[in-house]
Student: 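Below are the structure tokens for one structure; questions will follow.
The shown structure was predicted, so the numbers you read here are calculated from the model rather than taken from an experiment. Just so it is clear: chains get the letters A, B, ... in the order the sequence lines come, proteins before strands, and each one is counted from 1.
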Protein chains: 2
Amino acid sequence: MPAAKHDVFQAIADPTRREVLKILSKEEMPISRITSYFPVSRTAIVKHLQILSDAKLVSARKQGREKIYALHAEPLNDVKEWLGYYEQFWHNKLAILKHLVEHEEDNK
Amino acid sequence: MPAAKHDVFQAIADPTRREVLKILSKEEMPISRITSYFPVSRTAIVKHLQILSDAKLVSARKQGREKIYALHAEPLNDVKEWLGYYEQFWHNKLAILKHLVEHEEDNK
DNA sequence: TAAACGTGAAACCAAAAGGTGTTATATACT
DNA sequence: AGTATATAACACCTTTTGGTTTCACGTTTA
């Protein structure tokens with residue numbers, strides 16, 4: 001898994017990683033505790049955390065022998081901005097639909 | 001590539017597919033013309049289109065020997081809703097930062 | 001009708017993704 | 001000191017991803 005190759009879009013593509021983000025949104029916690037929420041091995045979770053870390057969606061600090069991960073949601077703003085451009089398209093569809101409904105009214 | 005296995009998060013994870021969406025947002029067009037925008041083969045683009053189609057992000061209609069694809073942006077609303085939950089976190093950070101700045105003022 | 005065009009479909013391939021288990025190392029506890 | 005704990009670092013495996021080439025088939029068009 002090459003470093004610094006994962007952007008935020010790829011990071012959130014995996015359901016397990018989205019679940020990790022959700023869990024970390026409640027409270028920060030060490031790796032072993034994050035792992036306890038999932039049916040997969042700690043090693044697998046560590047890899048997901050590395051990908052999330054590449055995308056800057058989580059940050060880690062070492063406390064004694066534990067490594068505590070926390071949510072870092074800011075990069076999600078990139079996704080929001082990307083979505084912004086497309087909102088016009090589904091909003092327009094709604095507007096067109098509304099117009100059609102109103103047109104139906106006219107035909108009564 | 002198994003059908004109906006791709007959700008919208010996975011569909012938008014790939015840069016080429018995001019580019020396809022952008023191109024289709026300008027105008028609908030047949031496969032061969034979409035392909036002309038990319039340095040990869042038509043077959044590769046067809047596969048991307050199938051994934052986008054699985055995620056309901058594009059729709060296709062056949063016109064003569066051409067298959068015309070169009071953007072269908074509505075499913076992106078799922079992503080927007082998912083993001084909604086996380087907005088509070090990066091907004092809170094900004095609020096905290098603002099508070100710190102104001103606290104600095106107090107110490108002058 | 002024959003040639004050109006646009007697409008569909010299959011077979012194949014290298015690399016990445018997602019997962020496993022084992023071993024090593026640093027920190028904490030008794 | 002000795003043991004248990006939390007993580008790190010490997011080596012390895014299977015499936016998916018993103019790409020290719022080749023060939024067949026229906027639709028236009030010269």
Side-chain angles (χ1 to χ4, degrees), chain A residues 1-24 27-72 75, chain B residues 1-24 27-71:
Chain A
M1 236 160 258
K5 227 200 52 181
H6 301 99
D7 68 357
V8 64
F9 286 93
Q10 208 184 334
I12 66 172
D14 183 86
T16 300
R17 286 195 289 272
R18 288 200 299 277
E19 188 68 22
V20 168
L21 292 179
K22 195 184 217 174
I23 289 167
L24 290 180
E27 56 177 319
E28 56 178 35
M29 59 182 80
I31 297 174
S32 55
R33 187 144 154 250
I34 299 171
T35 301
S36 72
Y37 287 89
F38 297 90
V40 298
S41 68
R42 182 186 55 82
T43 312
I45 295 299
V46 167
K47 287 185 185 178
H48 283 305
L49 285 169
Q50 281 166 351
I51 290 169
L52 290 170
S53 192
D54 273 3
K56 308 269 191 282
L57 283 168
V58 298
S59 59
R61 69 172 200 281
K62 215 169 163 187
Q63 191 179 54
R65 64 185 163 181
E66 295 186 326
K67 192 169 182 181
I68 298 177
Y69 277 89
L71 177 68
H72 183 80
Chain B
M1 236 161 259
K5 227 200 54 182
H6 301 98
D7 68 356
V8 64
F9 286 94
Q10 206 183 335
I12 66 172
D14 183 86
T16 300
R17 285 194 290 270
R18 289 200 298 277
E19 188 69 22
V20 168
L21 293 178
K22 195 184 217 172
I23 290 167
L24 290 180
E27 55 177 320
E28 57 179 32
M29 59 181 81
I31 297 174
S32 54
R33 186 143 155 251
I34 298 172
T35 302
S36 73
Y37 288 90
F38 297 91
V40 298
S41 70
R42 178 186 55 85
T43 313
I45 296 299
V46 167
K47 288 186 184 178
H48 283 305
L49 286 169
Q50 281 167 350
I51 290 169
L52 290 171
S53 191
D54 273 1
K56 309 268 190 281
L57 282 168
V58 298
S59 58
R61 71 172 197 280
K62 215 169 162 187
Q63 191 179 54
R65 64 184 164 187
E66 295 188 327
K67 191 170 183 180
I68 299 178
Y69 277 88
L71 177 68

Student: Can you tell me which nucleotide in D/dG26, C/dC12, D/dT17 comes closest to the side chain of B/Arg65?
Tutor: D/dG26

Student: What distance do A/Leu71 atom CG and A/Leu57 atom CG have between them, rounded to the nearest 0.5 Å?
Tutor: 7.5 Å

Student: What is the distance from CD of B/Gln50 to C1' of C/dG8, rounded to the nearest Å?
Tutor: 9 Å

Student: Rounded to whole Å, how long is the line connecting atom CZ of B/Arg33 with atom P of C/dG6?
Tutor: 12 Å

Student: Report yes if at least one side-chain N or O of B/His6 is closer than 4.0 Å to OP1 or OP2 of D/dT17; otherwise report no.
Tutor: yes

Student: Using a distance-only criterion (donor-acceptor N/O pair, under 3.5 Å, no hydrogens), is the base of C/dG21 paired with the side chain of A/Thr43?
Tutor: yes

Student: Is B/Gln10 close enough to D/dT17 that one of its side-chain N or O atoms is under 4.0 Å from OP1 or OP2 there?
Tutor: yes

Student: How many angstroms lie between OG1 in A/Thr16 and NE2 in A/His48, if you round to the nearest 0.5 Å?
Tutor: 4.5 Å

Student: Categorize A/Arg17 for me: base, sugar-phosphate, or nothing, with a 4.0 angstrom heavy-atom threshold over every strand shown.
Tutor: sugar-phosphate

Student: Looking for any heavy atom pair under 4.0 Å, which part of the strands does A/Gln63 touch: base, sugar-phosphate only, or nothing?
Tutor: nothing

Student: Roughly how many Å is it from CD in B/Glu66 to P in C/dC5, rounded to a whole number?
Tutor: 13 Å

Student: Map A/Pro39 and B/Lys62 onto DNA chain C by nearest heavy atom, then report which one ends up closer to the 5' terminus.
Tutor: B/Lys62

Student: Quickly work out the B/Leu49 CG to C/dG8 C1' distance and round it to whole Å.
Tutor: 13 Å

Student: Measure distances between side-chain N and O atoms of A/Arg42 and base N and O atoms of C/dG19, and say whether any donor-acceptor pair falls under 3.5 Å.
Tutor: no

Student: Taking atom C1' of C/dG6 as reference, at what distance in whole Å does atom CD1 of B/Ile68 sit?
Tutor: 11 Å

Student: Could you please spell out the steps behind the salt bridge (Lys or Arg N to Asp or Glu O under 4.0 Å) verdict for A/Glu66 and A/Arg61?
Tutor: CA-CA 8 Å; A/Glu66 295 186 326; A/Arg61 69 172 200 281; over 6 Å; no

Student: Got a salt bridge between B/Arg33 and B/Glu28, using NZ or NE/NH1/NH2 to carboxylate O under 4.0 Å?
Tutor: no

Student: Indicate whether OP1 or OP2 belonging to D/dT20 is found under 4.0 Å from a side-chain N or O atom of B/Ser41.
Tutor: yes

Student: For the CD atom of B/Gln10 and the CG atom of A/Asp14, what is their distance to the nearest 0.5 Å?
Tutor: 8.5 Å

Student: Strictly below 4.0 Å: does B/Ser32 bring a side-chain N or O up to OP1 or OP2 of C/dT7?
Tutor: yes

Student: Please report, rounded to the nearest Å, how far the P atom of D/dG18 is from the CD1 atom of B/Ile45.
Tutor: 11 Å

Student: Both A/Ala13 and A/Gly64 contact DNA chain C. Which one's nearest nucleotide lies toward the 5' end?
Tutor: A/Ala13

Student: Given atom CG of A/Asp14 and atom C1' of C/dA17, what is their separation to the nearest angstrom?
Tutor: 9 Å

Student: Rounded to the Å, how far apart are A/Lys67 NZ and C/dT27 P?
Tutor: 14 Å

